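The residues of the chain are indexed from 1 along the displayed sequence. Every number for a ligand or one of its atoms is a count from 1 in the order of the listing. Small disclaimer: the values here were computed from a predicted structure and weren't measured.
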Amino acid sequence: MNYDSLIVGAGFAGAVTARRLAEAGRRVLVLEARGHIGGNAYDRPDESGILIHQYGPHIFHTNDKEVFDYLSRFTAWRDYQHEVVASIPDREGRTELPVPFNLRSLRLAYGAEKAARLTDKLITAYGRETKVTILQLRENTDPELSELAQYVYDHVFVRYTMKQWGKTPEQIDPAVTARVPVFLSKDCRYFQDTYQGMPLHGYTLLFEAMLDHENITVRTDTDARDLLSFDGGVLSFEGVPFPGDVVYTGPVDELFACRYGRLPYRTLDFRFETHDVDRFQSHGTVNYTMDEDFTRVTEFKYLTGQDAPGRTTIMKEYSRAYTGAPEEIPYYAIANDESAALYEKYAALAAVYPNLHLLGRLAEYRYYNMDAIVTGALRLSAALLER
Ligand code: FAD
Ligand code: UDP
């Protein structure tokens, strides 16, 4: 079969693009380095039959109706509103505070009377149901609010951020901690998006449905770098110049053999444990914001709603610097001026090949959620089809 378009990577970026192009009549070849589709959203049953997310907990949420409607073609949904607590050691053992830190967390931390006064002050300063980043709150000069900001910084942010990024909140891109602002509300959900949920039968089946099209061929266990070559503006596939569109969703530095040096990333080690209990913890995710080496523990049954009496599987996440070793996966781009400048050099190199398109969390080197990836893929495929 001759292909009109090549897609590298079968995560959300690659799969949505492949489907759109295929439905428009293009013959699409998808190359995926891993032994499965789905990218980091891949899920599967573990040895005890519990559905797990192999590459970290994925909860779908978006305000974009187009994205939600598009994915709804390939899956039904389970209504799920994610809640997270911070587990904090104290004299009695441990306390759990809702995260994002909100008006309920405030009451648990300070008691009813002081919390009522602080709530009034916060609402006067920022308004009801508003979100204030920890870095903004720390700028407040009111002595009591400044003390509160220090409390939240110390109990929720500084150590978790050190574990996750190896840096303090001030040393990383402010957009990162802004993802989890202080919320002047009693709403304990982690996300407030209009559409939230989990694919009813899991992400992998969603991807299977999306890639199930007569014009799509998927080759797993295939690293595109072994098949693609770049020379003087001509992109070749298996040694032959390839004139069609090539959508690349992997790390752009690795596509060009890291010739300008490696882009920095954080990688994660996941530790799974199956326990012979119905429930292991109080919420889908518990963040360890003061102690422990792991950042958070997720219990999948909360997310998936799976009915499995007497057993449950949890996952602990440990973050560290990505070194490029073959068994590591680059999960988080590290946004700063230096990495942005290095990324631009690779993007300029890619731009020498007019039929090469960089798409997705890795190829665009951005901290995107799944919905933003779907939006990007719908936009790129529309642009490619218009040309
Ligand atoms: P990926 O899913 O990384 O897919 C890229 C694919 O390309 C991979 O399968 C890779 O193997 C393949 N590939 C790379 N290079 C090559 C090559 N040379 N040849 C062939 N194949 C190649 N988002 C949310 O909205 N909600 C969440 O709750 C959420 N939780 C997350 C938790 C964690 C721990 C992480 C790391 C991310 C989370 N995300 C979440 C973000 C979400 O994972 C991404 O937005 C999404 O997976 C990005 O899709 P993608 O297709 O760009 O990349
Ligand atoms: N964060 C934190 N404490 C928390 C939760 C989040 O310090 O309890 C900070 C931390 O820097 C983290 C960032 O906020 O990397 C974004 O958190 P989010 O939960 O969005 O991260 P992700 O799920 O993408 O790993």
- Considering the heavy atoms of Gly250, write down every atom of ligand 1 situated less than 4.0 Å from one of them. 14 (C), 15 (N)

- Message: Is it the case that the ring center of His82 lies less than 6.0 angstrom away from the ring center of Tyr80?
- Response: yes

- Query: Which protein non-hydrogen atom lies closest to atom 7 (O) of ligand 1, naming both residue and atom, and how far is it?
  - Reply: Gly9 CA, 3.2 Å

- Message: Using a 4.0 Å cutoff against the non-hydrogen atoms of Asp223, which atoms of ligand 1 qualify?
- Response: 17 (C), 18 (N), 19 (N)

- With a 3.5 Å cut-off and no angle check, do the side chains of Asn140 and Tyr126 form a donor-acceptor pair? yes

- Query: Judged by non-hydrogen atoms, does Tyr42 sit under 4.0 Å from ligand 1?
  - Reply: no

- State the atoms of ligand 1, each with its element, that fall below the 4.0 Å cut-off from a heavy-atom position in Ala224. 17 (C), 18 (N), 19 (N), 20 (C)

- Message: I need the atoms of ligand 1 closer than 4.0 Å to a non-hydrogen atom of Leu362, numbered in the order shown.
- Response: 3 (O)

- Side-chain H-bond candidate by donor/acceptor type, Tyr153 with Glu170, under 3.5 Å: yes

- Message: Taking CG in Asp120 as the centre, count heavy atoms belonging to other residues, nucleotides or ligands within less than 6.0 Å. Is the count above 12?
- Response: yes

- Message: Quick check: His36 with Phe207 (ring centres under 6.0 Å apart)?
- Response: no

- Message: Whether Glu292 and Lys163 form a salt bridge (side-chain N of Lys/Arg under 4.0 Å from carboxylate O of Asp/Glu) is what I want to check.
- Response: no

- Note on the structure: Any heavy atom of Pro57 under 4.0 Å from ligand 1? The part involved is backbone

- N or O contact, His58 vs ligand 1, cut-off under 3.5 Å: yes

- Message: Students should be able to answer this: which protein heavy-atom is nearest to atom 48 (C) of ligand 1, and at what distance?
- Response: Ile373 CG1, 3.7 Å

- Item | More than 12 heavy atoms of other groups within 6.0 Å of Lys114 NZ | yes

- Query: Which of the atoms in ligand 1, numbered in the order shown and given with their element, are less than 4.0 Å from a heavy-atom of Tyr368?
  - Reply: 41 (C), 44 (C), 45 (O)

- Task: Answer yes or no for Arg279 and Tyr302: cation-pi contact, defined as NZ/CZ to six-membered ring centre under 6.0 Å and angle to ring axis within 45°.
- Result: yes

- Query: By side-chain hydrogen bond (donor to acceptor under 3.5 Å, both in side chains), which residues pair with Glu129, not counting sequence neighbours?
  - Reply: Ser185

- Does any N/O atom on Tyr331 come nearer than 3.5 Å to any N/O atom on ligand 1? no

- Query: Does the separation of the ring centres of Trp77 and Tyr195 fall below 6.0 angstrom?
  - Reply: no

- Note on the structure: of all protein heavy atoms, closest to atom 2 (O) of ligand 1 is Asn40 N, 2.9 Å

- Take atom 53 (O) of ligand 1 and look for protein heavy atoms under 4.0 Å from it; say yes if you find one, no if not. no

- Shortest protein contact, atom 16 (C) of ligand 1 (heavy atom only): Val8 CG1, 3.9 Å

- Min over His82, Arg361, Arg225 of heavy-atom distance to atom 35 (C) of ligand 1 lands on Arg361

- Item | Tyr332 six-ring centre to Arg361 NZ/CZ under 6.0 Å and within 45° of normal | yes

- Mind checking what makes side chain to side chain contact (heavy atoms under 4.5 Å, CB included) contact with Tyr343, not counting sequence neighbours? Val252, Leu263, Ala347, Leu358, Glu364, Tyr365

- Linking I/L/V/M/F/W/Y whenever any side-chain heavy atoms sit under 4.5 Å apart, do Tyr55 and Phe294 land together? no

- Message: Please output the residues near ligand 2 using a strict heavy-atom distance under 4.0 Å, listed in chain and residue-number order.
- Response: Val99, Val156, Phe157, Tyr160, Thr161, Gln164, Trp165, Val176, Thr177, Arg179, Val180, Tyr190, Asn287, Thr289, Arg296, Tyr332, Tyr367

- Pick one of side chain, backbone, both or neither for how Phe60 approaches ligand 1, counting any non-hydrogen atom pair under 4.0 Å. neither

- Message: Test your reading of the model: is there a side-chain donor-acceptor pair from Arg311 to the backbone of Ser48, 3.5 Å cut-off?
- Response: yes

- Message: Geometry only, no angles: is Tyr332 polar-contacting ligand 1 at N/O separations under 3.5 Å?
- Response: no

- Query: Which one of Ala41, Gly11, Gly376 has a non-hydrogen atom at the shortest distance from atom 4 (O) of ligand 1?
  - Reply: Gly11

- If you measure from each non-hydrogen atom of Leu31 to ligand 1, which part falls under 4.0 Å: side chain, backbone, both or neither? backbone

- Note on the structure: So the atoms of ligand 1 within less than 4.0 Å of a heavy atom of Glu32 turn out to be 6 (C), 7 (O), 8 (C), 9 (O), 10 (C), 11 (O), 12 (C), 20 (C), 21 (N)

- Return a yes/no value for Ile59: is any of its N or O atoms, backbone included, closer than 3.5 angstrom to an N or O of ligand 1? yes

- So which of Gly14, Gly360, Ala33, Pro251 gets nearest to atom 20 (C) of ligand 1, if we judge by its closest heavy atom? Ala33

- Note on the structure: Ranked by distance from atom 25 (O) of ligand 1, the top protein heavy atom is Met370 N, 2.8 Å

- Message: Under 3.5 Å between any N/O of Gly38 and any N/O of ligand 1: does that happen in this structure?
- Response: no

- Message: Under 4.0 Å, heavy-atom basis, I'd like to know which part of Thr222 is in contact with ligand 1: side chain, backbone, both or neither.
- Response: backbone

- Query: What is the closest protein heavy atom to atom 51 (O) of ligand 1, and at what distance does it sit?
  - Reply: Ala13 N, 2.9 Å

- Close side-chain approach of Asp187 and Asn102, heavy atoms under 4.5 Å: no

- Item | Residue Leu268 vicinity, atoms of ligand 1 by number, heavy atom under 4.0 Å | 34 (C)

- Please indicate whether any nitrogen or oxygen in Phe12 is less than 3.5 Å from any nitrogen or oxygen in ligand 1. yes

- Arg266 and Gln164: side-chain donor and acceptor closer than 3.5 Å? no

- Item | Whether over 12 other heavy atoms sit under 6.0 Å from Arg94 CZ | yes

- Please identify each residue that fulfils ring pair (Phe, Tyr, Trp, His ring centres under 6.0 Å) with His283, with sequence neighbours left out. none

